[in-house]
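Data first, discussion second: the structure below is written as structure tokens.
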There are 2 protein chains.
Amino acid sequence: MATMKDISKKANVSLSTVSAVINQSAYVSPALTNRVMQAIKELNYKPNAVARSLKKKRTNTVGVIVSNLSNPFYPPLIEGIEDVSFNNNFNVILCNVSNGHKKILTYLELMLEKQVDGLLLANIANSEDLNEVEKSGLKYVLINRKPSFYDKNFVGVNNPLSSELAVNHLVRQGYKRIAFLGGDLGINTARERKAGFMSCMTLNGLDIDPMLIFDGEYSLESGYTNVKKMIEQVEVLPEAICTASDIIAFGVIKGLRDSGIRVPEDISVIGNDNNSFSENFLVPLSSIDHSTYDMGKISMEFLLEMIKEKDETRARQIILTPSLVVRESCGYKKNKIDKLY
Amino acid sequence: MATMKDISKKANVSLSTVSAVINQSAYVSPALTNRVMQAIKELNYKPNAVARSLKKKRTNTVGVIVSNLSNPFYPPLIEGIEDVSFNNNFNVILCNVSNGHKKILTYLELMLEKQVDGLLLANIANSEDLNEVEKSGLKYVLINRKPSFYDKNFVGVNNPLSSELAVNHLVRQGYKRIAFLGGDLGINTARERKAGFMSCMTLNGLDIDPMLIFDGEYSLESGYTNVKKMIEQVEVLPEAICTASDIIAFGVIKGLRDSGIRVPEDISVIGNDNNSFSENFLVPLSSIDHSTYDMGKISMEFLLEMIKEKDETRARQIILTPSLVVRESCGYKKNKIDKLY
DNA sequence: GTGAAAGCGCTAACAC
DNA sequence: GTGTTAGCGCTTTCAC
């Protein structure tokens with residue numbers, strides 16, 4: 001690999017002149033510029049980013065920590081992150097921590113050693129982990145989940161609103177007896193989505209039957225077992241089921257099918273977060289879109305801003321607005337009243 | 001950030017002693033070792049990987065170039081790659097080139113500048129691009145796709161066999177009139193899967209109706225339009241459709257449904273590559289599993305081996321064996337003859 | 001405008 | 001065994 005030194009020799013100029021033309025950091029006479037360019041061409045010179053990073057204390061690299069790549073939530077998120085990175089000459093180091101607390105810490109250390117300029121943490125909201133991140137002094141932004149009372153560097157979605165959109169859709173379809181199958185209340189998104197459901201039911205003047213409210217996890221299994229439990233325990237089944245995530249809805253639909261209950265003919269089901277599986281799920285799932293690609297894009301833009309400003313950027317939260325996606329799982333029919341909204 | 005120099009001062013030893021204890025590269029007396037360790041703790045010292053890389057000309061970083069993260073093929077592949085990387089103290093720079101020829105070249109340049117130790121190229125088999133990779137002098141391994149006559153650094157699956165597994169399954173279900181909806185014959189996997197289909201049909205003594213053979217693309221749209229074409233053109237529909245990929249099968253099933261044809265009641269459909277959507281697709285799709293996670297794992301292990309051996313590793317191809325996954329799209333019923341195999 | 005030189009943080013010869 | 005030193009490839013004062 002040719003180095004700047006080689007170029008300077010070949011072009012018969014000093015190192016700093018070479019640097020100046022490469023970085024356009026100072027005026028260099030056309031004659032010299034040409035000679036340098038020529039030499040670069042001939043020797044097929046490529047700047048060594050490692051050396052540059054060492055000197056500039058900037059690597060143009062960010063770490064992206066995700067909890068489980070196979071979760072369909074991530075691909076669009078990462079695409080958003082990657083697009084912005086690419087356009088800004090940044091690279092993304094992917095850290096898949098598959099819910100391993102220890103792996104997070106190891107990765108954090110590694111990122112520190114590699115001198116990344118910043119960190120993106122998707123769905124990593126354990127305050128213990130976050131403490132470590134804070135201690136590291138790295139710039140970072142949280143994506144999607146956050147600890148209670150956390151009030152900075154965050155990009156997420158309006159979770160209460162997402163549930164409201166779901167409930168209102170169900171109500172417009174004429175359903176009154178509506179169940180809610182939620183996630184882990186240790187996670188802010190699950191709390192907020194549940195709260196949104198509750199308040200929107202009330203707003204619509206609808207009763208909330210405690211027998212129809214379940215907490216659980218963001219997993220297919222959770223939706224499955226909870227809906228089975230509901231079928232078993234409840235005297236009269238709900239007309240519709242509102243869930244805290246598509247993946248829960250998947251479990252719900254599987255559970256209902258197993259019990260010979262059809263969706264949407266017998267019971268309607270709506271998801272929340274519109275993942276890429278939903279369009280073609282056993283029953284195309286109506287859901288609430290969280291514009292995950294944009295979430296990635298905006299997070300990375302946010303982080304870049306923090307990296308570029310030397311003085312502390314003031315804390316900020318960016319809350320995206322979700323939107324309803326109507327498919328088949330709520331018995332939507334064309335020309336129905338929903339059209340009016 | 002504390003540096004080795006700080007440590008050496010604090011511990012009152014020389015730089016090389018510090019380096020020796022950190023890298024365990026030479027014997028250091030317990031007394032000094034202790035003092036150094038102590039200082040490292042107190043100053044919360046972390047080695048600077050950038051400086052180390054500059055010196056050692058090794059970054060412990062590989063670039064992974066994929067064509068489109070949202071393709072469900074990638075997440076498990078990348079998880080496999082990432083797991084091996086992590087266990088070997090390597091980092092993965094993710095390059096999502098979304099089929100952009102120019103983006104590949106730019107990324108290649110970037111990876112070169114960042115001094116990555118190697119490259120993993122998934123489904124990048126354009127020989128023009130590959131030439132550039134070769135020219136770069138970087139170590140690399142190709143994943144899944146390769147140019148014709150390419151005979152080194154490759155990890156893929158036995159494509160002809162994958163089709164044979166599919167055809168044999170169909171045949172065991174009693175189907176004789178079988179269609180094939182393939183991919184782009186410019187891609188080796190598509191050619192090989194088609195060839196596997198043809199030969200296996202012949203082996204089974206079955207006629208191949210040219211009207212039932214379609215080439216296309218690895219996309220839902222391709223499956224959709226081709227099956228529509230088939231429905232329109234053909235006098236008597238096939239009993240089963242063999243496809244070159246799950247994503248094509250998805251399009252096929254959608255197209256059939258649109259035409260009021262049920263799967264598997266009227267026509268059976270089998271996929272090929274068993275992506276993560278397939279289990280829960282409109283109709284749970286029978287498919288051929290390519291063990292994509294292992295593919296990622298093995299590729300990265302392969303690359304690491306190449307990186308670690310200074311002398312050229314002899315070229316090698318690793319071809320994984322696919323396996324049948326039976327779900328519902330071929331009308332599989334428990335206790336049917338298939339059980340015997 | 002151009003060049004010389006110091007130094008980023010680390011490793012590895014080579015003395016001692 | 002331990003310390004001194006040169007140098008990885010680059011950027012950036014600071015003279016000229």
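Per chain, numbering begins at 1; letters A, B, ... match sequence-line order.
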Would you indicate, yes or no, if C:dT2 has its OP1 or OP2 atom less than 4.0 angstrom from a side-chain nitrogen or oxygen of A:Ser29? yes
How is B:Lys57 classified with respect to the nucleic acid when contacts are heavy atoms under 4.0 Å: base, sugar-phosphate, or nothing? sugar-phosphate
Which pairs would a plain distance check flag for residues 142-149 of chain B, meaning a side-chain donor or acceptor within less than 3.5 Å of a matching protein atom at least two apart in sequence or in another chain?
unit_1   : atom_1 : unit_2   : atom_2 : d
B:Asn144 : ND2    : B:Asn123 : OD1    : 2.9
B:Ser148 : OG     : B:Arg191 : NH2    : 3.4

Have a look at B:Val50 and say if it touches a base, only the backbone sugar-phosphate, or nothing, with a 4.0 Å heavy-atom cut-off. nothing
For atom OH of A:Tyr27 and atom P of C:dT2, their distance in whole Å: 7 Å
Any cation-pi pair here, A:Arg316 with A:Phe302, using under 6.0 Å and within 45°? yes
Between B:Ser25 and C:dT11, is there a side-chain N or O to OP1/OP2 distance below 4.0 Å? no
In whole Å, I'd like the distance from the CD1 atom of B:Ile7 to the P atom of D:dG3. 15 Å
Kindly say whether, by distance alone, the side chain of A:Lys5 makes a donor-acceptor pair under 3.5 Å with the base of D:dG9? no
Tell me, which pairs form a ring-ring contact (aromatic ring centres under 6.0 Å, His included) where one or both residues lie in residues 95-126 of chain A, sequence neighbours left out? A:Tyr107-B:Phe86
Strictly by ring-ring contact (aromatic ring centres under 6.0 Å, His included), give each pair with a member in residues 42-75 of chain B just once, sequence neighbours left out. none
Given atom CG of B:Asn60 and atom P of C:dC10, what is their separation to the nearest angstrom? 16 Å
To the nearest angstrom, the CZ-P distance between B:Arg52 and C:dC10 comes to 8 Å
Any luck finding a side-chain donor-acceptor pair between A:Tyr218 and A:Thr189 under 3.5 Å? yes
Strand-adjacent residues in residues 32-44 of chain A, judged by heavy atoms under 4.0 Å from DNA chain C: A:Leu32
Show me the donor-acceptor pairs, under 3.5 Å and distance only, between side chains in residues 291-299 of chain A and residues at least two apart or in other chains.
unit_1   : atom_1 : unit_2   : atom_2 : d
A:Tyr293 : OH     : A:Asp83  : OD2    : 2.4
A:Ser299 : OG     : A:Met295 : O      : 2.4

C:dG9 P sits how many Å from A:Leu112 CG, rounded? 14 Å
Could you tell me how far apart B:Glu113 (CD) and D:dC8 (P) are, to the nearest whole angstrom? 20 Å
Charged N-O contact under 4.0 Å between B:Glu305 and B:Lys308: no
Whole-Å distance, B:Met1 CE to C:dC10 C1', equals 15 Å
Taking C-beta and beyond as the side chain, do B:Ile78 and B:Leu94 meet within less than 4.5 Å on heavy atoms? yes
Closest nucleotide of DNA chain D for B:Leu54 versus for A:Lys56: which of these residues is on the 5' side? B:Leu54
What is the distance, to the nearest angstrom, from the NZ atom on A:Lys55 to the C1' atom on D:dT11? 5 Å
Going by an N to O cut-off under 4.0 Å, is there a salt bridge joining B:Lys152 and B:Glu134? yes
Hey, can you pull the residues of residues 8-23 of chain B with a non-hydrogen atom under 4.0 angstrom from DNA chain C? B:Ser16, B:Ser19, B:Asn23
